[in-house]
Amino acid sequence: MTEFSGGWIPLDVTDARAVHRVMLDFAPTAVVHLAAMSKVEPCEQQREACWAVNVHATERLARACHRQGAHLVFLSTDFVFDGSAGPYAETDLPAPINAYGRSKLAAENAIHGSALSAWTTLRTTLGFGDVVGYPEGRLNLATFLVRELSAGREVRVTSDQYRTPTYIPDLAEAIALVIRDRQHGLYHIAGQEYVSTRAFAERLADRYGYDRSLLRPVTTDELHPGAPRPLRAGLVTLRAQTELGFRATPLDDALDQLGRQLGVGPPAGGSGGR
Ligand SMILES: NC(=O)c1ccc[n+]([C@@H]2O[C@H](COP(=O)([O-])OP(=O)(O)OC[C@H]3O[C@@H](n4cnc5c(N)ncnc54)[C@H](OP(=O)(O)O)[C@@H]3O)[C@@H](O)[C@H]2O)c1
């Protein structure tokens, strides 16, 4: 058995023996399970691989956490809903419309129906704000928009998809909070504002002083012919506010914070916007 002394090690969550070994070696009190096949088209095209990562690996982690006495925090999505009547509360009935959404719902069910009682499922939506990897590598909608618009490149954005964009530091805080307070159950963690992707992009462009005419509105079907997306999705966070004391950073403040990190947008202390 190796003793954990900080740092990180790679782990393929579909490798049952490796997961078992890591659980023994680290003896964690909490496991935050973020690993997923999260891109919609690959999930649609490679369903077995999607199920292996998103569902079977999650089932195994739930069993491992149960054996270990660890708290499992699982990240899920508003893609478990069909997008006909968002934003959604925890009490709304899931009805996923693509393979990714179905796999995440199956993973939720695997955890919730397992012998593990110390679980927290945090559903979130349209995460933005992570500057790790910017401008190369893994981007989110905000950092992608900054990279493209700052270079004067046109960006296609959907006008028919509605979300409650989630500032990633808020999500990180919620994860820390549920671990610290051992809060178990299903919670929605998201921003306060219900906006279309296009409106989000325009807000960012205005805030950071980019030319919003570079934003070319398209429909979801035009942009993603390969797989459907829930259109009016997004999440209501009332339960998290009431039971966890969760408070989302207002969208403009989040954009200003991110702008400062990226060195774009209004100067520190300025009111921002136009
Ligand atoms: N981003 C959002 O707006 C959003 C919204 C709702 C829910 N979520 C959920 O939040 C979590 C993180 O999402 P994300 O946007 O950060 O997704 P992401 O960028 O695709 O990251 C997923 C991570 O999982 C890793 N992974 C894939 N297969 C793995 C395996 N077999 N073993 C170990 N790691 C594996 C990937 O590693 P590689 O890079 O090496 O492939 C990647 O680092 C996911 O569970 C997702 O469903 C995200």
Side-chain angles (χ1 to χ4, degrees), residues 8-23 26 31-44 46-62 64 72-81 83 86-88 90 94 96 98-108 110-111 119-134 136-145 158 161-172 174-175 178 186-191 195 197 200 229-230 233-235 237 240 248 254 258:
W8 63 277
I9 59 162
L11 172 69
D12 177 354
V13 293
T14 64
D15 182 340
R17 288 176 61 182
V19 169
H20 183 66
R21 209 171 41 243
V22 161
M23 290 297 281
F26 281 58
V31 172
V32 181
H33 175 31
L34 309 171
M37 190 185 266
S38 69
K39 305 269 178 301
V40 170
E41 274 72 19
C43 284
E44 213 65 36
Q46 306 160 44
R47 299 206 180 186
E48 280 185 23
C50 165
W51 214 259
V53 179
N54 292 1
V55 187
H56 295 319
T58 305
E59 274 170 346
R60 257 196 309 275
L61 274 170
L72 177 62
V73 180
F74 175 62
L75 259 282
S76 191
T77 168
D78 59 344
F79 275 49
V80 299
F81 297 108
Y88 292 97
E90 291 84 346
N98 60 34
Y100 168 64
R102 281 191 291 276
S103 72
K104 296 297 283 192
L105 180 61
E108 287 186 6
I111 296 171
W119 57 263
T120 311
T121 293
L122 300 179
R123 288 190 189 134
T124 190
T125 174
L126 191 60
F128 74 96
D130 183 6
V131 298
V132 176
Y134 175 84
E136 303 302 330
R138 204 182 298 273
L139 299 175
N140 53 73
L141 179 61
T143 49
F144 170 72
L145 286 166
T158 54
Q161 277 190 50
Y162 286 76
R163 302 287 182 264
T164 41
T166 308
Y167 188 43
I168 291 169
D170 290 345
L171 176 61
I175 294 172
V178 298
L186 171 64
Y187 293 99
H188 287 180
I189 301 294
V195 291
T197 312
F200 176 84
R229 266 77 173 163
L235 299 167
T237 62
L258 175 62

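Read the numbers this way: they start at 1 and go in the same order the structure lists the ligands and their atoms. Bear in mind that the values here come from a model prediction, so they are computed numbers and not experimental data.
- Note that atom 21 (O) of ligand 1 has protein non-hydrogen atoms nearby, at separations under 4.0 angstrom.
- When only non-hydrogen protein atoms are considered, atom 2 (C) of ligand 1 lies nearest to Gly127 N, 3.8 Å.
- The shortest N/O to N/O separation between Ala35 and ligand 1 does not fall below 3.5 Å.
- For the pair His56/Trp51, a side-chain contact is recorded, criterion being any heavy-atom separation below 4.5 Å from C-beta on.
- When each atom of ligand 1 is checked for a heavy atom of Ser38 under 4.0 Å away, the hits are 17 (O), 18 (P), 20 (O).
- Contact annotation for Tyr100 and ligand 1: only side-chain heavy atoms (C-beta onward) come within less than 4.0 Å of the ligand.
- At least one heavy atom of Arg138 sits closer than 4.0 Å to an atom of ligand 1.
- For His33 (side chain) and Leu72 (main-chain N/O), no donor-acceptor pair under 3.5 Å exists by modelled atom type.
- Tyr167 approaches Gly129 most closely through the heavy-atom pair CE1-CA, 4.2 Å.
- Neither the backbone nor the side chain of Asn54 has a heavy atom within less than 4.0 Å of ligand 1.
- Looking at Leu126 against ligand 1, only its backbone comes within 4.0 Å, counting heavy atoms.
- Exactly one of Asn54, Val53, Thr77 qualifies for a side-chain contact (heavy atoms from CB on, under 4.5 Å) with Ser103. That residue is Asn54.
- A distance of 5.0 Å separates CD in Gln161 from OG1 in Thr197, rounded to the nearest 0.5 Å.
- Every atom of ligand 1 is numbered from 1 in the order shown, and the set under 4.0 Å from a heavy atom of Leu34 is 11 (C), 12 (C), 44 (C), 45 (O).
- Using a 4.0 Å cut-off to heavy atoms of Ser76, the atoms of ligand 1 that qualify are 6 (C), 7 (C).
- When the heavy atoms of Ala36, Ala190, Pro10 are ranked by distance to atom 23 (C) of ligand 1, first place goes to Ala36.
- Nearest heavy-atom pair, Val19 versus Leu11, reported as atom, atom and distance to 0.1 Å: N-CD1, 3.8 Å.
- Atom 10 (O) of ligand 1 has Leu75 CB, 3.7 Å as its closest protein atom, hydrogens excluded (heavy atom only).
- Closest heavy-atom contact between Thr125 and Ala190: CG2-CB, 3.8 Å.
- In this structure, atom 33 (C) of ligand 1 has protein heavy atoms in its sub-4.0 angstrom surroundings.
- Looking at Ala57 against ligand 1, nothing comes within 4.0 Å, counting heavy atoms.
- At least one heavy atom of Lys39 sits closer than 4.0 Å to an atom of ligand 1.
- For atom 13 (O) of ligand 1, no protein non-hydrogen atom is found at a distance below 4.0 Å.
- In this structure, CG on Leu145 lies 10.0 Å from CG on Leu139, to the nearest 0.5 angstrom.
- Expressed to the nearest 0.5 Å, how far CZ of Phe128 lies from CG of Asp170 amounts to 8.0 Å.
- The closest protein non-hydrogen atom to atom 29 (C) of ligand 1 is Val53 CG1, 4.1 Å.
- With ligand atoms numbered from 1 in the order given, ligand 1 contributes 32 (N), 33 (C) to contacts under 4.0 Å with heavy atoms of Leu11.
- Between the OG1 atom in Thr237 and the CD1 atom in Ile189 there is a gap of 7.0 Å [rounded to 0.5 Å].
- Separation of atoms CD1 (Ile111) and CZ (Phe74) is listed at 5.0 Å; rounding is to 0.5 Å.
- No part of Met37 comes within 4.0 Å of ligand 1, judged by heavy-atom distances.
- Listed by number with element, the atoms of ligand 1 under 4.0 angstrom from any heavy atom of Asp12 are 30 (C), 31 (N), 32 (N).
- In terms of protein heavy atoms, atom 45 (O) of ligand 1 is closest to Lys104 NZ, 2.8 Å.
- Looking at atom 4 (C) of ligand 1, its nearest protein heavy atom turns out to be Thr124 CG2, 4.4 Å.
- Under the 4.0 angstrom criterion, atom 41 (O) of ligand 1 counts as lacking any protein heavy-atom contact.
- Checking Thr121 against Glu108 by side-chain atom types alone, no donor-acceptor pair falls below 3.5 Å.
- When Arg102, Lys104, Arg229, Arg123 are each tested for a side-chain contact (heavy atoms from CB on, under 4.5 Å) with Phe79, only one passes: Arg229.
- Taken from OG1 in Thr164 to OH in Tyr88, the straight-line distance is 11.5 Å, to the nearest 0.5 Å.
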